[in-house]
Amino acid sequence: MYSYNKDFYRHDTKITDVVKKKIAMVFQHCDEDKKGYLSREDVKVAVVMLFGYKPSKTETDVMMASIMQANIPGMPLDHFVSLMGRKLAAQDNYEKTRQIFTGFDIHCHGFLTVEDFKKAFASVASHLSERTVQEAFREVDRDSDGHVSFKDFEFVINYGQDDV
């Protein structure tokens, strides 16, 4: 029996200039008073904008610790870009894949049917024909049992990433 090892599926993410610009844009948006730094509350808002969740008090304390030690009134742009870049790079691809799979698994069966595939593709790629979606399903259903398991789904999502 094959067991999943989360660390095996992690891929180092390089932070591109485009991502750095996005982080800088979030910084500029959250620095409403144009102070040149983000306050504790500004950092929380920025994390929501970048990652979709509000950081806990403890996580915010950790992010602000070096700023407080340096006796700086807030987090400057360069520190913010570096910190958020590391945070983005540390995101777990396995968890992202699991979230996508769960979103497609509308009946919570633990597998995807061709109907789940059709509904998912209708919302993200409505221009594809039903035949194309069925062919995609057959390709992903590697053991041809009529169900796409998480293992099948993950294989397809991660296909070719080791070559990058």
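Positions are given from 1 along the sequence.
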Novice: Linking I/L/V/M/F/W/Y whenever their side-chain heavy atoms sit closer than 4.5 Å, directly or via other members, would Val114 and Phe111 fall into one cluster?
Specialist: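 The answer is no; the residues belong to distinct hydrophobic clusters.
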Novice: Spell out, as yes or no, whether a donor-acceptor pair under 3.5 Å connects the side chain of Asp152 to the backbone of Val156.
Specialist: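 No.
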Novice: Might you work through the side chain to side chain contact (heavy atoms under 4.5 Å, CB included) test for Leu38 and Phe80, ending with a clear yes or no?
Specialist: CA-CA 8 Å; Leu38 298 181; Phe80 180 75; 3.7 Å; yes
Novice: Going through the checks in order, is the side chain to side chain contact (heavy atoms under 4.5 Å, CB included) test met by Thr16 and Lys20?
Specialist: CA-CA 6 Å; Thr16 64; Lys20 288 178 184 177; over 6 Å; no
Novice: Check whether any side-chain heavy atom of His79 lies under 4.5 Å from a side-chain heavy atom of Met84, and answer yes or no.
Specialist: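 No. Closest side-chain heavy atoms not under 4.5 Å.
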Novice: Side chains of His147 and Thr113: donor-acceptor distance under 3.5 Å anywhere?
Specialist: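 Looking only at side-chain atoms, Thr113 and His147 do not form any donor-acceptor pair under 3.5 Å.
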Novice: To check you understand the geometry: which heavy-atom pair defines the closest contact between His107 and Asp116, and what is its length?
Specialist: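 Smallest interatomic distance, heavy atoms only, reads CD2-OD1, 3.6 Å.
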Novice: Are Leu50 and Met25 connected into the same hydrophobic cluster when the rule is that any two of I, L, V, M, F, W, Y join if their side-chain heavy atoms are below 4.5 Å apart?
Specialist: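 No, because Met25 and Leu50 fall into different hydrophobic clusters, even though each may have its own neighbours under 4.5 Å.
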Novice: So do Pro76 and Ile67 actually touch side chain to side chain, heavy atoms under 4.5 Å?
Specialist: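 They are in side-chain contact.
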Novice: Return yes if a side-chain donor-acceptor contact under 3.5 Å exists between Ser82 and Arg86, otherwise no.
Specialist: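 Looking only at side-chain atoms, Arg86 and Ser82 do form a donor-acceptor pair, the distance falling under 3.5 Å.
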Novice: Say you draw a straight line from OG of Ser39 to NZ of Lys44; how long is it, rounded to the nearest 0.5 Å?
Specialist: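 With rounding to 0.5 Å, OG (Ser39) is 9.5 Å from NZ (Lys44).
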Novice: Is it possible for you to say whether Met63 and Met68 belong to one hydrophobic cluster, with membership spreading through side-chain heavy-atom contacts below 4.5 Å?
Specialist: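 Yes; tracing contacts between hydrophobic side chains, which count when under 4.5 Å, links both residues.
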Novice: Please say yes or no: joined through hydrophobic side-chain contacts below 4.5 Å, possibly via intermediate residues, are Phe51 and Met64 part of one cluster?
Specialist: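 The answer is yes; both residues are in one hydrophobic cluster.
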Novice: Just so I know, are the side chains of Leu112 and Phe150 near enough to count as touching, which here means a heavy-atom distance under 4.5 Å?
Specialist: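 Answer no - side chains too far apart.
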Novice: Would you give the length of the straight line joining atom OG of Ser144 to atom CZ of Arg138, rounded to the nearest 0.5 angstrom?
Specialist: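 Here the interatomic distance stands at 9.5 Å.
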Novice: Side-chain contact test, heavy atoms from C-beta onward, threshold under 4.5 Å: evaluate it for Gln28 versus Leu77 and give yes or no.
Specialist: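 Yes. Closest side-chain heavy atoms under 4.5 Å.
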Novice: For Phe104, does the six-membered ring have the charged nitrogen or CZ of Lys119 within the cation-pi criterion, i.e. under 6.0 angstrom from the centroid and within 45° of the normal?
Specialist: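 No, a cation-pi geometry is absent between Lys119 and Phe104.
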Novice: Would Phe101 end up clustered with Phe155 when hydrophobic side chains under 4.5 Å apart are linked, directly or stepwise?
Specialist: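 Yes, because Phe101 and Phe155 connect within a single hydrophobic cluster, where side-chain heavy atoms sit under 4.5 Å apart.
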Novice: Show the nearest heavy-atom pair for residues Ile23 and Gly85, with the distance to one decimal.
Specialist: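 For Ile23 versus Gly85, the nearest heavy atoms are CD1-N, 3.8 Å.
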Novice: Is a salt bridge present between Lys21 and Asp17, judged by a nitrogen-to-oxygen distance below 4.0 Å?
Specialist: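 Answer for the salt bridge query: no.
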Novice: Quick one: do Phe153 and Ile100 satisfy side chain to side chain contact (heavy atoms under 4.5 Å, CB included)? Show the steps, please.
Specialist: CA-CA 10 Å; Phe153 187 79; Ile100 295 167; 3.6 Å; yes
Novice: Side chains of Lys96 and Ile157: closer than 4.5 Å at any heavy-atom pair?
Specialist: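 No, every pair of side-chain atoms sits at 4.5 Å or beyond.
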Novice: Aromatic rings Phe121 and Phe117: how do their planes relate, parallel, tilted or perpendicular, breaks at 30° and 60°?
Specialist: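 Rings of Phe121 and Phe117: tilted, as their planes differ by 30° to 60°.
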Novice: Looking at CD of Glu130 and CZ of Phe137, how far apart are the two atoms once the value is rounded to the nearest 0.5 Å?
Specialist: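 Rounded to the nearest 0.5 Å, the CD-CZ separation comes to 12.5 Å.
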Novice: Report yes or no: does Thr132 contribute a side-chain atom to a donor-acceptor pair with the main-chain N or O of Leu128 at less than 3.5 Å?
Specialist: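 Such a contact is absent between Thr132 side chain and Leu128 backbone.
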Novice: May I ask you to say whether Lys54 pairs ionically with Glu59, meaning some side-chain N is under 4.0 Å from a carboxylate O?
Specialist: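 Answer for the salt bridge query: no.
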Novice: Any salt bridge between Glu154 and Lys151, counting N to O under 4.0 Å?
Specialist: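 Looking at Lys151 together with Glu154, the answer is no, because their closest N to O distance does not fall below 4.0 Å.
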Novice: Which atom names give the shortest non-hydrogen contact between Met49 and His29, and what distance separates them?
Specialist: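 Of all heavy-atom pairs spanning Met49 and His29, the closest is CE-CD2, 3.4 Å.
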Novice: Quick check: closest heavy atoms across Gly146 and Asp141, and the distance to 0.1 Å?
Specialist: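 Of all heavy-atom pairs spanning Gly146 and Asp141, the closest is N-OD2, 2.8 Å.
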Novice: Checking Asp31 side chain against Gly36 main chain: does a donor-acceptor pair fall under 3.5 Å?
Specialist: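 Yes; judged by distance alone, with no hydrogens or angles, the pair exists.
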Novice: Kindly check if the number of other-residue, nucleotide or ligand heavy atoms within 6.0 Å of CD (Glu139) is above 12?
Specialist: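 Result for CD/Glu139: open.
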Novice: Can you see whether Thr102 engages Asp105 through a side-chain donor-acceptor pair at a distance of less than 3.5 angstrom?
Specialist: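 There is no such pair (donor and acceptor under 3.5 Å, judged by atom type) between the side chains of Thr102 and Asp105.
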Novice: Is any side-chain heavy atom of Met75 closer than 4.5 Å to a side-chain heavy atom of Leu83?
Specialist: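 A side-chain contact under 4.5 Å exists here.
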Novice: May I ask you to test the Val18-Lys22 pair for a side-chain heavy-atom distance under 4.5 Å?
Specialist: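 Counting from C-beta outward, Val18 and Lys22 never come under 4.5 Å.
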Novice: Within the structure provided, determine whether Gln134 and Lys118 are in side-chain contact (heavy-atom separation under 4.5 Å).
Specialist: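 With C-beta onward as the side chain, the pair touches.
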Novice: Working note: Ile72 + Tyr37, criterion side chain to side chain contact (heavy atoms under 4.5 Å, CB included); need CA distance, chi angles, decisive distance, verdict.
Specialist: CA-CA 9 Å; Ile72 301 172; Tyr37 62 85; 5.6 Å; no
